[in-house]
Each structure stands twice: as C-alpha cells, then as structure tokens.
Amino acid sequence: MSSNPRAVAVAACAPSSSGSSSPAFLTPPSPSDDGELLRSLHRLARDLSVVETPAPFMRAALASISRRSKLLAVAFDDLLMCAAAGDLPRSASLCLREVLLVLQRFRAVVADCSARSRMRLLLQSDEMEEELRELHHDLATMLDLLPVVELGLADDVLDVLALASRQCRRISPVPEAEQALKASVLSLIHEIEREIVPERERLENILEEVGINDPVTCSDEIEILEREIGDRASEKWTSSMIALVGLLRYAKCVLFSATLRPADSNSKANGEVEGGEPPAPPSDFRCPISLDLMRDPVVVASGQTYDRESIDRWFSSGKSTCPKTGQVLANLELVPNKALKNLICKWCRENGVAMEACAASKSEQAQAMAANKAAIEAARMTASFLVKKLSVSSSPDAANRVVHEIRLLSKSGSENRAFVGEAGAVPLLVPMLYSEDAGLQLNAVTALLNLSILETNKKRIMHADGFVEAIAHIMSSGATWRAKENAATAVLSLASVHSYRRRLGRNQSVVEKLVHLVRTGPTSTKKDALAALLALASERENVSKLVDAGVAEVTLSAISKEETAAAVLAALAKRGGAEAIVNIDGAVARLVAEMRRGTDWARENATAALVLLCRRLGAPAVAQVMAVPGVEWAIWDLMGTGTDRARRKAASLGRICRRWAAASAADGERGAGCPVDSVVPPAMMAS
C-alpha cells in the first residue's frame, strides 16, 4: 500500500481506462467480499468506541477516537443494509478497505498505549499525539473521498459521515495539563538528582494524575518500566525511565506504606508449601541439558532451545552437536528466545518463583543505574526511609511489609545493597530470622542473602551479633523450605571470603544443618546445601569437621541425583577425607557409576575423586576401583567423549590402573584372578 492514503484513494476511485480491474497492488489485504468488509468495519468501529483509557492524561485523546468511532459505527450499520441488497460500487469498496486499514492502525495505537508503562506513555506523549493526528487526517481524507452518491445513503447517514470527517480534521493541540504533568515529572527527577527529597503531597498528586494511586499499580508500573528498559524500548527516554524506577520505588514505600500484594503475603501464592517443594515448572520451561528452569533460553542452529549457561558449557567442552538431537550444528550462534522467556517470566510471577535475568542483561541494567544520578539518589532515599521505618515497626505485619521492600531493593544493583547496608539494616534483620511469622522470616533471610552479595556487606553480616547461630536456626527450624534454602545459599555467599569460610566450617551446628538439608530437603534445597558444603570443603581445616558430621555419607547418597555431590567428594578427597570416603561401603562403585552416567561436570568430578583416592590411599583404593565391573571401558569412553578436564583425569586414572595391573602381574597376582589384558583394554595398554 502507498504511504500516501490520498494517492491510493484517488487511484482506487478513478475508472480504469482499459476497462480491466485495478492492479493488485492498489488493493490492500482485506476481507474477501463486501459484506465481510462492512462487518469488519462495523465491529472495529464498535470496539474503538468503547476503548478504555490506560492513563488519565490520555483521556482526551482516546475520547476523540471513541466519539468518531461511534459515528462511524452508525454509518457502517446503514451500509450493511445497502450491501445486503447487492455488491458495493468498486470505487466505494476500495475506499472502505482503506478506511479499514486506518481503523486497524488506530486499534494498534490503542493497544500499544495499553501495553506501555504510564510513565513512558507520558514521556512520549508528543510523539503519540502526532501519530494520532496523522491517523485522524488519513481517516478524514478517506471519508471525503468516499463516493457517497453511488452508495445511495440516506441524508442523515451523509450528515454523520460529514460530521465524522469534520471532527477528524479538528484536532486539538496537546492539552496544557498533559504538558504540565510531563514537566512536573521531569522536574521531580531533576530535584532528586540534586538530593532534594520530594514533598509527600506533591509526589502523591503527580502520581494520582499519572494514574498510579495504590501499591498494586505502582508495583506493576515498576515491573513494566524495568522490562521496557531491558528491551531498550526508547533510547531517547531510557535515562528518565531508569530514574523513574527509583522514584516509584521510593513512592511505593513513602505513599503506600510498603503494602504487600496478596500474592506477596500469601505463602502458598509464593510456592511455599511446608514439607514440599516449590511448584515444578512445565517441561517446556526446563533446559534439556540441566533439566532446570531456563533463565535465559536461547535457540541453537537445530531449532532446539536451551538455557544459555548450559549450552555455553556444552560448546566450551569442544562439542559442536545439538545435545537433544545429536545433529551437527552448522554454526554455534545462539539466538535469544524472547517469546519463551516472557512465558517463563509470567509463570514465575504467578507462582512466586524467583526469575533472575541473565548475567549480561543484569550487568547492562546495573551499569545504567550506576550512571544515573537520579536513580542513585532515589535508591539512597528509599533505603534510608525503609531502615528508619523498620526500626520503629511495632508489629510483625508492619515489619514484614518493610522487610519485603528491603528484599526487593537489595535484589539488584551494588549501589542499592550498599545503601541498605550503610543505613544499618543488617542488625535489624538478624533477630527477625527467629520470627514465628513465616513471611517475615523468609523476607528477612532473603534480604540478608541479597545484601551478602556485596563484599562490604559480608563483613557487616558476619560481625552482626548472633548471625551464625540465627542462620543455623533457619536451616534447622525455618518455617518454609524456601527460607531454609535461602539460608544455605547465604552460607555459600559468605563462604567466598577465606576467613568467613573457616569460621562457618568450624561451627558444628552450621555443618550439621547443611547435612540435614541434603538428607531431607527437596531438590532445590539439596542443590543449595551441597553448594554450600562444597564451598566449606575447599578449606582444609574444615574437612575433618565435615567428615565427622557425615558429609561423605550424605553426599554419596545424593550422587546420582545432584551433580554437585561428586564435586564435594573430590574436594573432601583432596584435603584429607579420602579414607573416610573409601571406608563407606559401595563408595567407589558409586563414583564409577557417576563417571559413566552423570552430567559432564559430574563425570569429571567423579573421575577426579577416584584419582585422588588412588593417589592418597594407594593400592587398596586402586584395587577397589579395578574390582568394579566395566571400569576400564568407562575410563576409555571418558577419554574420548569427556570435557578437557575429564579427559585428563581419565588418562591419569588409566595410568594408575595400568601401573597397578603391572605391579600385580610382577608379584604373581592377577587382580581378582583376572589376567592383566582382561582388566585393561588393549588401547589403554598401548597408550
């Protein structure tokens, strides 16, 4: 279709000199017959006549669309009766098809307005008004060119069409109130940049005019704005949108008393079912490699979708095939699957499951926040306000609302975590780990976990009175599995510092509670508890306490289900726990089984553990390895198909086995009664 609607209409209405039908390019895609065309026009006009206003400041603009659509609906109703008596004149049919296209563009604009955040809609109000003016002009042109005489319409219908055309041409400028509101919002941003705290009443009035007047609409607005920033929806206004996210977080706390949504305060809505796991994601949302919920789904050349982290690790191991189909890939490019990611995000929101953005996306947003003066100052004001409010909270319910906001604020951005920590939140949060209120307890431990990501906050947390005992209490007696899981993850985060890793590992209660979580917890809790034990096992001084607490036994029991288990056993074997592992009945056989059938990471760690056992304990351990049926073929297979590290470890294990077999042969022993060449494959003997 031509970009000039008047030219198209004139060409369409002009008779063909040859008598043949008009060229195909003059006829836009449309319903196949005149009756269907008029029914489509009538439905569309009727729908546009009752459009809902997405924001108060857009009321005038959308009301004009509604009024003109009502007039058109009346005219199209009369035209339907005309069409029932016979086909429309061709020139009229072509003009009406152009009208249909203009109305469809109106509908698209209305839908776009409804999908945008209110703040972005306000910032882009000039562009939106200009687009609507162009559409009204196009519609007026089409109505003026409509051959009403050929249609034989009644006088009152002609008057309706003429009125609609005049109204379309009489477009008012952008209302002064709308321009003033936009200026007020931008003024607020500039004031915050100068560290001026907004007046409560003024802030409330501005948000009321924007259409944000309760905690739910405020939370929704923040969520949509953040998504638009991540999608780079408006490069021109990105800086202002980032600042507005900070301003709205501050407003949510100050104006709406940090009120929780029902889903935030309801443990079941958050997927918290005591004694069970959070809701399992649909199979389509799981990565075929890790079987975990995909956080950043990407499509490979075969058309299959995987989580970015898992497929990156697959490619890094030297493979160039599709893990699911085995197809050799034409290239290793990864294309983001945005549609699936949106569905996963929606499912996570509805089920209270944490959905972290991919590392690249989080990094970009964090950098943008760090460079935005207004966003930084708004976050500082919010943190200060929340901590002061928490210090005077008189009930668990009031405290829970505030702690929930602290949890959200500290979820992203090192500046946010620093502001919350500097404001003194940690000493106030620690006692709440003992709260009998399940929601408050969960929010408190999660807030501390979020804060612990920042190095300076690690010191604040570990030096807070009673923190270590409180975190052990959560892992033992937490009200929900989510709280216990987040407590284990907090231990993992804090254990990244050498001195804190030693302190946590020396605490018998912390170690015992982690072991208990691995033994009794649901899958996600086991995973986090094992990760924490792996961090503690990287310190030699901790290994004896870990062994005494039964870490080797409980880790072996989880080895076929959790890939981290093999890594824990390798860490124990490396730092003094080899004998404890070998003394467990069936330990070596389980490690060999994991070397055969585990994930890539599990296979390489199981092999590393076997190598360490053989080196630390010598012939007795090697004899146990060689006694496992098929071990030699497992080693040979791993040398050909494993990751680089797995291949190196498998080669080392193969050499150890060959030497043991050779020594046994020299002493007249045949390794459990078998000749040497039946224990070690010829290819291994030759290598």
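This chain uses plain numbering: 1 for the first residue, then up along the sequence. A quick note: this is a predicted structure, and the numbers were derived from the prediction, not measured.
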Kindly give the heavy-atom pair with the smallest separation between F76 and V99, and that separation in Å.
CZ-CG1, 4.1 Å
CG on N416 to CD1 on I453, rounded to 0.5 Å:
11.5 Å
N457 side chain vs L451 backbone, donor-acceptor pair below 3.5 Å:
yes
Spacing of D138 atom CG and L101 atom CG [to the nearest 0.5 Å]:
10.5 Å
Tightest non-hydrogen contact, residues L433 and I471, listed as CD1-N, 4.3 Å
Taking every non-hydrogen atom, the tightest pair across L121 and P54:
CD2-CG, 4.1 Å
Using a 3.5 Å distance criterion without hydrogens, assess whether the side chain of S64 forms a donor-acceptor pair with backbone atoms of A61.
yes
Rounded to the nearest 0.5 Å, how far apart are OG1 of T446 and CG of L408?
10.0 Å
Are any non-hydrogen side-chain atoms of V51 and R107 less than 4.5 angstrom apart?
no
Matching residue for K373 among E195, E415, E193 - test: salt bridge (Lys or Arg N to Asp or Glu O under 4.0 Å):
E195
Salt-bridge test for D112 and R116: reply yes if a basic N is under 4.0 Å from a carboxylate O, no otherwise.
yes
If you measure from the Lys or Arg side-chain nitrogens to the Asp or Glu carboxylate oxygens, is any gap between R482 and E485 under 4.0 Å?
no
Between the side chain of S219 and the main-chain N/O of V216, is any donor-acceptor distance below 3.5 Å?
no
Side chains of R202 and N205: any donor to acceptor distance under 3.5 Å?
no
Does any non-hydrogen side-chain atom of R169 lie less than 4.5 Å from one of H137?
yes
Smallest heavy-atom separation, S234 atom then R120 atom, equals CB-NE, 4.2 Å
Does the pair E221 and L244 meet the rule for a side-chain contact (heavy atoms from CB on, under 4.5 Å), with working shown?
CA-CA 10 Å; E221 182 73 4; L244 286 168; over 6 Å; no
Rounded to the nearest 0.5 Å, the NZ atom of K484 sits from the OG atom of S477 at a distance of 7.0 Å
Check the surroundings of atom CD in E127: do more than 12 heavy atoms from other residues, nucleotides or ligands lie under 6.0 Å from it?
yes
Using modelled atom types and a 3.5 Å cut-off, is there a donor and acceptor pairing between side-chain atoms of R417 and backbone atoms of S410?
yes
Determine whether R380 and E377 satisfy the following criterion, side-chain contact (heavy atoms from CB on, under 4.5 Å), listing intermediate values before the conclusion.
CA-CA 5 Å; R380 191 194 306 275; E377 292 306 322; 3.4 Å; yes
Could you walk me through whether L409 and E405 pass the side-chain contact (heavy atoms from CB on, under 4.5 Å) test, one step at a time?
CA-CA 6 Å; L409 183 62; E405 290 301 323; over 6 Å; no
Donor-acceptor under 3.5 Å (E209 side chain, L181 main chain):
no
Can any side-chain N or O of D296 pair as donor or acceptor with the backbone N or O of D307 at less than 3.5 Å?
no
Answer whether the closest heavy-atom distance between the side chains of R401 and H404 falls below 4.5 Å.
no
Full working for side-chain contact (heavy atoms from CB on, under 4.5 Å) between V387 and F419:
CA-CA 10 Å; V387 173; F419 296 149; over 6 Å; no
Nearest non-hydrogen partners of I461 and V426, listed with the distance:
CA-CG1, 3.8 Å
K341 vs P336 side-chain heavy atoms within contact, under 4.5 Å
no
Minimal heavy-atom distance between L429 and A444, with the atoms involved, is O-CB, 4.1 Å
Inter-residue atom distance T217.OG1 - K252.NZ, 0.5 Å rounding:
10.5 Å
May I ask you to decide if V245's main-chain N or O and E226's side chain share a donor-acceptor pair within less than 3.5 Å?
no
Okay, side chain of S66, backbone of L62: is any donor-acceptor separation there less than 3.5 Å?
no
S393 side chain near L390 side chain, heavy-atom distance below 4.5 Å
yes
Taking C-beta and beyond as the side chain, do L48 and L72 meet within less than 4.5 Å on heavy atoms?
no
Between Q441 and A483, is there a donor-acceptor pair closer than 3.5 Å when you use the side chain of the first and the backbone of the second?
no
Is any side-chain heavy atom of L207 closer than 4.5 Å to a side-chain heavy atom of M119?
yes
Does any part of the side chain of N337, heavy atoms only, come nearer than 4.5 Å to the side chain of M294, both counted from C-beta?
no
Report, as yes or no, whether the 6.0 Å neighbourhood of atom CD on E422 holds more than 12 heavy atoms from other residues, nucleotides or ligands.
yes
Are any side-chain N or O atoms of S493 and backbone N or O atoms of A490, one a donor and one an acceptor, separated by less than 3.5 Å?
no
Rounded to the nearest 0.5 Å, how far apart are NZ of K513 and OG of S476?
5.0 Å
